[in-house]
Amino acid sequence: MGKSKYKGWLYLLPAIVFLAVFMVYPLVDVLVYSAEEGYSFASQTYTGTGLFNYSYVLHDPYFLQAVKNTFLIVIITVPLSTGFALLISLALTSIPKLKNLFQTIYFLPYVTNTLAVGLVFMILFKPTFYTDGMVNLLIKFFGGQAVDFIEGPYWAKMFVMCFYTIWVVLPFKILILTSALASVDQNLYNAAKIDGTSKSRTFFRITLPMISPMLFYLIITGFIGAFKAYSDEVALFGTNLNVAGMNTIVGYVYDMLYSSGGGYPSYASAAAIMLFVIVLTITCINLMVSRRSVHY
Amino acid sequence: MKVVLEHLTKRYPNRNKKEGGEVVAVGDFTFEIPDGKLVGLLGPSGCGKSTTLNMISGLTEPTEGKIFFGDDDVTKLPPENRGVGLVFQNYALYPHLTVMKNILFPLQNLKGPDKLTKEEMNARALEAARLVQIEALLDRKPSEMSGGQQQRVAIARALVKMPRVLLLDEPLSNLDARLRLQTREEIRRIQRETGITTVFVTHDQEEAMSISDVIVVMKEGYVQQIDEPQNVYDDPVNLFVAKFLGTPAINVFEGHVAAEQLYIGGEPVLRVTGVPDQDVYVGIRPEGFVPDEKGNFGCGVSRVEVMGRDTSIIAENSACISGQIRAIISSVRKIDKNAASVRFSLLPEKVHLFSKETEERIRFRE
Ligand SMILES: Nc1ncnc2c1ncn2[C@@H]1O[C@H](COP(=O)(O)OP(=O)(O)OP(=O)(O)O)[C@@H](O)[C@H]1O
Ligand SMILES: [Mg+2]
């Protein structure tokens, strides 16, 4: 009995060591940094301990802007991208003929480099010396006024940002949802047909509950992914996100770490810990909701 | 309500491009299922049983032919308008709904003048649940029940909307032997009680024999024989039907008819009046052998198995083409277990002759 207990731990050991070194230790370390005032990598010194770093970060307008941006991106893109993905997957599933072709097309953005996609978006949205960008040309064609989507008003930039984010995460969600839809037992649909179930009732009472585990998986990972957004912003607006007013929490952490003059690891750590708490809270809420509504 | 199938045919395009042509899943099926009867659709795997059932239910569109419920032509009617109840091979219960909600599901779909109030729905669902004896399980999910219980829920769900026709696709194949026996009795009882015209698909001949009023034997898409169970057993139309029905299976021999005398392995075993001279297959049911010292049919004995009521003699004969010979005799007769050989005389009504070319039955007078 005792021996087999040891054995189990022995098998787990590599994973535990790995997790401890690369996950637990840094997390604890970050927590420690976040409580040390004015910590410097170079001299390995700090001037005091306490919650000062948190207070500083919470009063930093750049951080507040980053929090606002991040929450906006999360709230807008997660429901929209999941909804679009579901609609597109349903459409794909109902056309057996060209399904594979379309699936490949929809999957292309996923295997394309983020920066390359960003470039395409620049061409679409950015006015240059020569042209106003594709989208502005369209707007003008319909009699509207050109908008600078990259360096213009906040709402325009946020619109492009969300559009881009949705575009980037859509393929993966479509992939997951089409396979979830395909794995629903066809006999259930046959049974529903025999019982004279209407299309909408079949969708809401059979399809949706059957794919709900996958749907919740996508929503949870979608939330986490959107909270950690950063590279997409860089792809669109360049590295100086604070100036563009489009920074995110992760971007703020990054800027704090690597700003000129050795950076401010203490502030970065405090911001990172706050992000961690936010993501943890949201994920717990998500899990609780999904427990209650996923039925089997 | 009677169900009439007229030249019902389903062909699928052949996926194998080299062979080309089409696969006939069901060919030219013509049959009238009498009102209130239970018909057993019997045949080996892939013979088109499910396809036939799905055409009756409307899930599969026939390539040719017509289907009538009573006098209505329902061939073009979508499944939801046919009023059939279908029990799937794997039950296809809605896994996220409780038993009660599963049974209510078809009722909640009713619209217009058929629409029921909540109380009516609940009453009907409870009645269906009572019929299949699952009232105690109404709050369970399908995953929390045994196969037999799930099966009964599936039947209740099919019955609750009072279908004109009940279709069952191998509903017992997932159950263990005991439960299968029990459930098939139950299906029989429910069918009798409700009087709903029922089609029951199975590849288990014993199941079909015990439950059906009429058996339809199919092979590779084509109907072989339609008759009452006992008649199909006693009077098979061809070698396939003879071999498919009966456990233990019929014993098949190479034989020869000359001057109205049947020879097996050179021995004259039976007078077969009215059969022209030819080579034949001879099928002899296990109960057609009678141990008889003066009998004309001799075999080497491999072993003797005494199993309560019956005794099986496992014997060998070089003319036998169905492996070993199995003869079943009443254990009242005492058999010398150590004998090296045994002689039988044959019961003529248990001996069937089949043409060597067509495998069709050749009838004879004694
Ligand atoms: N969609 C299809 N496309 C092509 N061929 C099919 C299709 N469905 C069935 N078939 C063929 O039709 C034949 C009859 O199939 P069916 O499902 O009716 O058999 P079955 O008698 O129900 O067999 P089982 O006892 O294994 O369920 C089989 O040879 C099968 O390969
Ligand atoms: Mg089948």
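Computation of the quantities below employed the complete heavy-atom set of this structure, encompassing side-chain atoms and omitting hydrogens, waters and symmetry-equivalent molecules.
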Within 6.0 angstrom of [X] [atom1], more than 12 heavy atoms from elsewhere:
X	atom1	value
B:F31	CZ	yes
A:F203	CZ	yes
B:Y91	OH	yes
B:D114	CG	yes
B:Q133	CD	yes

### Message
Are B:Y94 and A:R205 packed together at the side-chain level, in the sense that at least one heavy-atom pair is separated by less than 4.5 angstrom?
### Response
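Heavy-atom side-chain distance check fails, nothing below 4.5 Å.
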### Query
If you tally heavy-atom pairs under 4.5 Å against chain A, which of B:V84, B:N90, B:L97 wins?
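If we count pairs closer than 4.5 Å to chain A, B:N90 comes out on top.
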Tell me, for [X] versus chain A, whether the close heavy atoms (under 4.5 Å) come from the side chain, the backbone, both or neither.
X	result
B:L59	side chain
B:L93	backbone
B:N81	neither
B:F105	both

### Query
Quick one: which residues of residues 178-202 of chain A reach chain B at under 4.5 angstrom, heavy atoms only?
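Residues A:D185, A:N187, A:L188, A:N190, A:A191, A:A192, A:K193, A:I194, A:D195, A:G196, A:T197, A:S198, A:R201 are the ones that qualify, each having a heavy atom under 4.5 Å from chain B.
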